[in-house]
2 protein chains.
Amino acid sequence: MPILCTVDVVLLTLNPQLQVALLPRDRAPLAGALALPGGFIHADEDADPLAAAARMLRAKTGLDCPYLEQLATFGGPGRDPRGWSISVAHVALVPADLLARGAAGLRWHPVDALPALAFDHAQIVAQAVARVRSKSQYSSLPVHLCGERFTLPQLQAVYEALLGEPLNKVSFRRRIDEMDLLEPIEGERTGGAHRPAQLWRLKDRRRGALTLTDRLLGPAVLAP
Amino acid sequence: MPILCTVDVVLLTLNPQLQVALLPRDRAPLAGALALPGGFIHADEDADPLAAAARMLRAKTGLDCPYLEQLATFGGPGRDPRGWSISVAHVALVPADLLARGAAGLRWHPVDALPALAFDHAQIVAQAVARVRSKSQYSSLPVHLCGERFTLPQLQAVYEALLGEPLNKVSFRRRIDEMDLLEPIEGERTGGAHRPAQLWRLKDRRRGALTLTDRLLGPAVLAP
DNA sequence: CGAATAGTGTCTCTCAGACAATATCGG
DNA sequence: CCGATATTGTCTGAGAGACACTATTCG
């Protein structure tokens with residue numbers, strides 16, 4: 001009996017709390033149970049586990065992975081009733097404003113109040129959330145939960161939602177500035193009955209990889 | 001054709017530089033080539049990937065995993081000539097003074113001057129080293145490269161070897177003290193033609209998990 | 001006592017966070 | 001002008017790192 005090889009994706013958004021995308025399973029085993037988007041690796045079309053996860057994300061959610069990284073691999077004899085199985089779990093982040101399109105059938109649930117999940121998916125979600133919160137302390141990861149353009153107060157609110165505590169405005173701006181991460185969008189500003197905020201976007205050079213700070217933004221959190 | 005499921009272990013020690021344990025392959029494919037200790041997951045005896053890695057470590061090196069954690073999973077159609085394969089890679093740390101026993105057939109190589117390796121193992125080693133160096137900045141991970149008992153100057157030298165730069169003695173001791181990680185071994189001290197150093201050991205409570213600092217020990221390094 | 005290494009006290013300079021002043025919008 | 005939010009300047013206290021002093025061993 002060969003080992004079953006799957007990938008799963010913990011797709012997260014912030015709206016306004018951290019939420020995870022779940023899908024009711026449409027077949028046995030555990031038909032109807034809520035589960036992460038995922039499925040078997042296809043040896044004939046996937047170049048690696050990340051590509052398999054991107055394919056899964058596209059197929060099940062219609063989204064073209066904005067941010068996608070490998071999380072960890074879960075395996076064992078009991079997690080799937082069909083036999084010894086492996087799941088290469090991934091984390092994906094999507095800005096809330098992209099959710100309008102393509103979200104057919106997805107059910108979003110706050111990560112702090114999850115229903116029962118199929119297999120060991122609750123554990124996978126927990127580890128994904130811990131990873132995201134941990135990386136939020138020292139990297140630019142949260143920008144991938146903002147849209148293409150955003151203001152600094154918006155970005156700070158995203159960091160605060162992930163870290164679970166208010167941040168000092170001056171320090172936060174110093175950090176972001178030190179990262180040399182953003183560039184202002186000239187002329188564009190947000191409206192409202194008050195002073196509008198400057199809009200920013202990621203510098204081209206920063207699109208691919210995360211940028212790290214050399215000082216933490218918040219208190220230490222358990223790293224996965 | 002099912003996907004091949006394997007685990008590999010990047011076993012590292014410090015002696016006095018960071019070195020990785022390699023084994024010449026004893027069978028096809030790539031018989032004779034240097035490779036990481038690893039092998040197929042056995043669905044009938046392994047409880048999960050970590051247990052498979054521990055079994056592999058015991059079988060191929062005789063060591064009972066002192067520190068072992070999952071690193072990442074590598075997979076694709078080309079990395080093993082036998083077909084689409086998955087390797088759940090792990091990192092293990094062992095104090096240099098445990099190497100006397102059980103190291104039959106292991107070849108130790110400095111990680112900064114590796115020979116050609118089989119499969120994609122060079123990439124796996126590189127990622128493992130990056131992970132270890134990154135975690136050395138903000139956690140107690142390096143204590144697992146020391147023996148059961150050690151002095152603070154020894155521990156500082158281990159951190160410095162991993163981080164690649166000298167650390168401030170006063171700050172280093174402040175950090176270690178804040179972590180509430182160690183307890184002195186009363187009465188025992190190291191000898192020499194000079195003042196002997198206090199011996200320390202991990203507090204029981206700290207055996208299992210890593211302890212984190214809330215400030216970094218060195219400058220930021222790329223996190224895996 | 002001198003050499004060598006271990007351990008500690010202290011000073012300074014940097015920087016994180018608090019506070020507050022200024023800027024810019026709509027009404 | 002007023003209310004509201006954005007942005008920036010300044011001050012202060014905590015702490016990291018530099019430096020140097022004390023401690024302890026052997027010869």
Side-chain angles (χ1 to χ4, degrees), chain A residues 16 136-139 143 146-147 149-161 163-201 212-221, chain B residues 16 136-139 143 146-147 149-161 163-201 212-221:
Chain A
S136 298
Q137 301 180 295
Y138 61 85
S139 83
V143 301
C146 295
R149 307 165 337 156
F150 48 86
T151 69
L152 288 181
Q154 284 169 355
L155 183 61
Q156 181 170 352
V158 170
Y159 271 89
E160 288 172 342
L163 295 174
E165 62 181 53
L167 297 177
N168 182 283
K169 184 169 51 170
V170 180
S171 301
F172 178 78
R173 282 163 184 253
R174 269 196 292 247
R175 290 283 168 66
I176 297 296
D177 184 57
E178 281 165 12
M179 285 201 241
D180 191 29
L181 187 71
L182 306 179
E183 58 189 6
I185 305 179
E186 294 301 341
E188 303 214 56
R189 310 193 151 229
T190 53
H194 43 68
R195 177 173 175 175
Q198 176 67 52
L199 277 172
W200 302 77
R201 68 173 169 220
L212 305 179
T213 63
D214 55 353
R215 308 275 172 192
L216 298 180
L217 287 151
V221 162
Chain B
S136 298
Q137 300 180 296
Y138 60 87
S139 83
V143 301
C146 294
R149 307 164 336 156
F150 48 86
T151 68
L152 287 181
Q154 284 170 354
L155 183 61
Q156 182 170 350
V158 170
Y159 271 90
E160 287 172 343
L163 295 174
E165 62 179 52
L167 297 177
N168 182 281
K169 184 169 53 169
V170 180
S171 301
F172 178 78
R173 283 163 183 253
R174 269 196 292 245
R175 291 283 168 67
I176 298 296
D177 183 57
E178 281 166 12
M179 284 199 241
D180 190 29
L181 186 71
L182 307 178
E183 59 190 3
I185 305 180
E186 294 301 340
E188 301 213 58
R189 308 191 153 229
T190 54
H194 43 67
R195 174 171 177 176
Q198 176 69 53
L199 277 173
W200 301 78
R201 68 173 170 219
L212 305 180
T213 63
D214 54 354
R215 308 276 173 190
L216 296 181
L217 286 152
V221 162

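From a predicted model like this one, the values you see are computed outputs, not experimental measurements. Throughout, protein chains are lettered first and strands after them, A, B, ... in sequence-line order, and every chain is numbered starting at 1.
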[N] [atom2] sits how many Å from [X] [atom1], rounded?
{"X": "W200(A)", "N": "dA6(D)", "atom1": "CH2", "atom2": "P", "value": "14 Å"}
{"X": "L152(A)", "N": "dT8(D)", "atom1": "CG", "atom2": "C1'", "value": "13 Å"}
{"X": "L167(A)", "N": "dA6(D)", "atom1": "CG", "atom2": "P", "value": "15 Å"}
{"X": "R175(B)", "N": "dA14(D)", "atom1": "CZ", "atom2": "C1'", "value": "13 Å"}
{"X": "F172(A)", "N": "dT7(D)", "atom1": "CZ", "atom2": "P", "value": "12 Å"}

>> For N168(A), give me all partners under side-chain hydrogen bond (donor to acceptor under 3.5 Å, both in side chains), at least two apart in sequence or on another chain.
In response: S171(A)

>> For R201(A), give me all partners under side-chain hydrogen bond (donor to acceptor under 3.5 Å, both in side chains), at least two apart in sequence or on another chain.
In response: E183(A)

> Just how far is it from atom CG of L181(B) to atom OG1 of T213(B), taken to the nearest 0.5 Å?
Replying inline: 11.0 Å

> Rounded to the nearest 0.5 Å, how far apart are CG of L155(A) and SG of C146(A)?
Replying inline: 5.0 Å

> First contact, last contact: which nucleotides of DNA chain C are these for chain A, 5' to 3', heavy-atom distance under 4.0 Å?
Replying inline: dA16(C) to dG26(C)

> Excluding sequence neighbours, so at least two apart, what forms side-chain contact (heavy atoms from CB on, under 4.5 Å) with Q156(A)?
Replying inline: E160(A), L167(A), K169(A), F172(A)

> Between Q137(A) and L163(A), which heavy-atom pair has the shortest distance, and what is it?
Replying inline: CG-CD2, 3.9 Å

>> On DNA chain C, does the nearest nucleotide to S171(A) precede the nearest nucleotide to Q154(B) from the 5' side, or the other way round? Give the residue.
In response: Q154(B)

>> For a quick check, with a 4.0 angstrom heavy-atom cut-off, what is the B/S/- contact string for nucleotides 18-27 of chain D, read 5' to 3'?
In response: BB---BBBS-

Side-chain donor-acceptor pairs of residues 191-199 of chain A under 3.5 Å, sequence neighbours excluded:
{"residue": "Q198(A)", "atom": "OE1", "partner": "R189(A)", "partner atom": "NH2", "Å": "3.0"}
{"residue": "Q198(A)", "atom": "NE2", "partner": "I185(A)", "partner atom": "O", "Å": "2.9"}

